[in-house]
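Notes for the one structure printed next.
One-based numbering along the sequence shown. Indexing begins at 1, ligand by ligand and atom by atom, following the structure's order.
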Amino acid sequence: MHHFHYRNDSLFCEDIPLEQIAKEQGTPSYIYSHATFTRHFQAVDQAFASVPHIIAFAMKANSNIAILRLMASLGSGADIVSGGELFRALKAGIPPNKIVFAGVGKDHNEIKYAIESGILFFNVESGAELQAINHVAGELGTQARVALRVNPNIDPQTHPYISTGMKKSKFGIGADQVLGEFDQAAALPNIQVVGVHAHIGSQLTKVSPFVDSLTKVLGLIQTLKSKGIPIQYLNIGGGLGITYSDETPPQPQELADAITPILKETECEIVMEPGRVIAGNAGILLTRVIYIKDNGTKKFAIVDAAMNDLIRPSLYQAHHDILPVNQVPNAPEDVFDVVGPICESGDFLAQNRTMPVVKEGDLLAVMSAGAYAFTMASNYNSRPKVPEILVKGGESFVIRRRESYDDLIRGEHIPEFLRT
Ligand code: LLP
């Protein structure tokens with residue numbers, strides 16, 4: 001459940017009409033609901049109340065430091081995948097001992113930064129990475145805590161770009177190799193093996209892939225125990241899906257009910273890395289129709305937001321509902337492509353979408369844009385990044401200002417020889 005709703009045909013975020021935000025801050029803009037972020041975090045937290053757990057919010061979904069600060073205030077840690085994310089998490093006040101670091105290509109500097117910051121553990125994705133962490137920890141005269149990420153070879157039945165737990169994927173260590181890697185890890189002088197990690201994909205809409213994966217992982221943890229490698233933490237990753245259109249993913253409680261018996265049997269402290277389920281429906285992208293274009297074959301609503309602001313439709317053919325900010329009762333419908341100003345045919349927010357007829361100047365809300373939305377934005381076509389605004393009740397706060405043209409060239413430099 002989220003806090004974007006109509007009141008008298010005007011779409012609100014909590015107690016503020018989106019039209020008012022558009023007037024004050026312009027468009028396009030990302031708008032986030034404080035109450036929705038809070039509610040979603042607490043739903044996950046409460047669902048898993050019967051097992052000791054740490055929620056490490058997958059900040060790749062939304063990494064604005066105000067959002068991270070909110071997460072920290074609710075008790076969240078962070079799942080990070082880069083030194084940049086570590087920097088943001090620490091700036092936001094996320095306790096280092098609730099930070100876990102995944103990703104197949106951590107470099108020397110990132111490993112050093114993470115060890116020095118005192119993160120909870122690394123999620124290690126290969127034998128080569130294990131060696132690198134051992135080396136850096138040795139240089140620092142310390143031991144690094146690691147969980148090995150196992151690839152359980154489970155089909156999560158989601159979009160191939162966001163499936164990560166199958167054998168052909170670059171992620172994790174294959175089930176056939178993982179025991180060997182654990183042996184290696186246990187023998188390394190500067191490594192302390194503390195956990196097992198398994199994340200199989202994102203936007204999962206069924207419970208069964210989680211159950212299948214964790215059943216395999218339970219077997220692995222028991223085998224490791226019998227070999228004298230006790231496992232303190234089980235990191236179950238993220239991946240729980242949300243409703244973008246008509247999906248009916250399990251609620252956090254349903255997932256918890258299905259997997260808690262397995263989790264308990266592991267006797268581990270559980271780390272989980274939800275991203276989308278917390279952030280996805282906590283944000284929208286507010287945009288205005290610039291022109292309507294009818295080429296005789298198709299009708300286009302050309303809006304001021306584009307693929308550089310929200311790339312999910314272009315990249316994954318992802319569906320985002322698009323709602324009129326001011327709804328007209330019994331409005332006639334028509335079929336539109338909702339497209340942006342970027343010079344690419346792939347620049348669309350929706351294709352062949354049946355929606356209430358829109359006209360120039362109308363405001364639209366692109367829904368479910370709180371996760372993997374602003375974080376995947378770029379400056380393509382030299383478009384300044386749009387602001388992020390957090391609404392709390394009847395108040396709104398700019399948590400990232402709109403970029404200026406000067407921001408676009410910040411850091412660029414014309415060498416002397418070109419200055420004639
Ligand atoms: N943990 C790990 C190791 C991950 O790789 C991910 C997501 C998560 C947790 C969080 O998964 P979530 O709970 O959000 O499903 N850009 C894509 C999604 C990429 C997900 C990458 N990894 C999209 O827009 O759908």
Side-chain angles (χ1 to χ4, degrees), residues 37 40-41 43-44 47-48 54-63 67 71 76-82 85 89 99-106 120-125 129 147-152 156-166 169-173 195-206 209-210 213 217 233-245 247 249-250 252 255 270-283 285 307 309-320 349 366 368-378:
F37 267 103
H40 289 171
F41 178 87
V44 176
F48 287 92
I54 294 173
I55 298 180
F57 174 59
M59 59 177 281
K60 59 179 83 65
N62 192 314
S63 60
I67 298 299
M71 289 293 120
S76 186
D79 154 44
I80 63 167
V81 283
S82 69
E85 286 196 345
I99 295 179
V100 288
F101 192 170
V104 296
K106 305 172 191 82
L120 183 60
F121 56 78
F122 292 91
N123 294 310
V124 173
E125 310 243 10
E129 183 192 332
L148 297 198
R149 177 170 179 178
V150 57
N151 179 337
Q157 302 167 39
T158 184
H159 192 288
Y161 283 14
I162 48 181
S163 301
T164 49
M166 288 158 80
S169 145
K170 72 174 175 177
F171 296 100
I173 301 167
V196 175
H197 177 218
H199 167 84
I200 53 174
S202 196
Q203 183 55 13
L204 272 65
T205 51
K206 294 190 185 120
F210 288 104
S213 161
V217 170
Y233 295 101
L234 165 57
N235 181 347
I236 64 173
L240 189 56
I242 62 166
T243 302
Y244 283 99
S245 56
E247 308 91 331
L255 175 63
I270 305 303
V271 176
M272 57 192 78
E273 307 172 325
R276 192 187 316 264
V277 73
I278 291 174
N281 280 321
L285 174 60
M307 66 188 286
D309 305 307
L310 178 64
I311 202 172
R312 302 192 72 258
S314 306
L315 192 57
Y316 313 120
Q317 293 77 46
H319 173 101
H320 288 258
L349 299 175
V366 184
S368 311
Y372 306 110
F374 187 91
T375 50
M376 295 178 81
S378 77

Which one holds for Asp79 and ligand 1: side chain close, backbone close, both close, or neither close, with close meaning a heavy atom under 4.0 Å? side chain

Note: ligand 1 atoms sitting under 4.0 Å from heavy atoms of Tyr316 are 16 (N), 17 (C), 23 (C), 24 (O), 25 (O)

Ala61: heavy atom below 4.0 Å from ligand 1, yes or no? no

Is the shortest side-chain heavy-atom distance between Asn123 and His199 below 4.5 Å? no

For Glu273, the atoms of ligand 1 under 4.0 Å from one of its heavy atoms are 1 (N), 2 (C), 3 (C), 8 (C), 9 (C), 10 (C), 13 (O)

If you define the side chain from C-beta out and look only at heavy atoms, does anything of Pro274 sit under 4.5 Å from Leu240? no

Does the N or O separation between Gly239 and ligand 1 drop below 3.5 Å for any pair? yes

Only heavy atoms of Pro274, strictly under 4.0 Å: list the atoms of ligand 1 that pass. 13 (O)

Would one find an N or O of Gly275, backbone or side chain, under 3.5 Å from an N or O of ligand 1? yes

From the options Arg312, Met272, Met376, Gln203, select the one whose nearest heavy atom is closest to atom 25 (O) of ligand 1. Arg312

Ile55 versus Phe48: any side-chain heavy-atom pair under 4.5 Å? no

Please evaluate residues Leu285 and His320 with respect to the criterion side-chain contact (heavy atoms from CB on, under 4.5 Å), reporting the C-alpha separation (whole Å), side-chain torsions for both, the decisive distance (0.1 Å), and the verdict. CA-CA 10 Å; Leu285 174 60; His320 288 258; over 6 Å; no

Shortest non-hydrogen contact between Ser368 and Thr243, atoms and distance: OG-O, 3.8 Å

Hey, are the side chains of Met59 and Met71 touching, using non-hydrogen atoms and a 4.5 Å cut-off? no

Heteroatom proximity flag, Ser202 to ligand 1, N/O under 3.5 Å: yes

Does the cation-pi check pass for Lys106 over Phe122, that is, NZ or CZ under 6.0 Å from the six-membered ring centre and within 45° of its axis? no

Heavy-atom contacts under 4.0 Å between Arg149 and ligand 1: side chain, backbone, both, or neither? side chain

If you measure from each non-hydrogen atom of Phe171 to ligand 1, which part falls under 4.0 Å: side chain, backbone, both or neither? neither

Hey, does Tyr244 have a side-chain heavy atom less than 4.5 Å from the side chain of Ile242? yes

Which segment of Arg276 sits under 4.0 Å of ligand 1 when only heavy atoms are counted: both

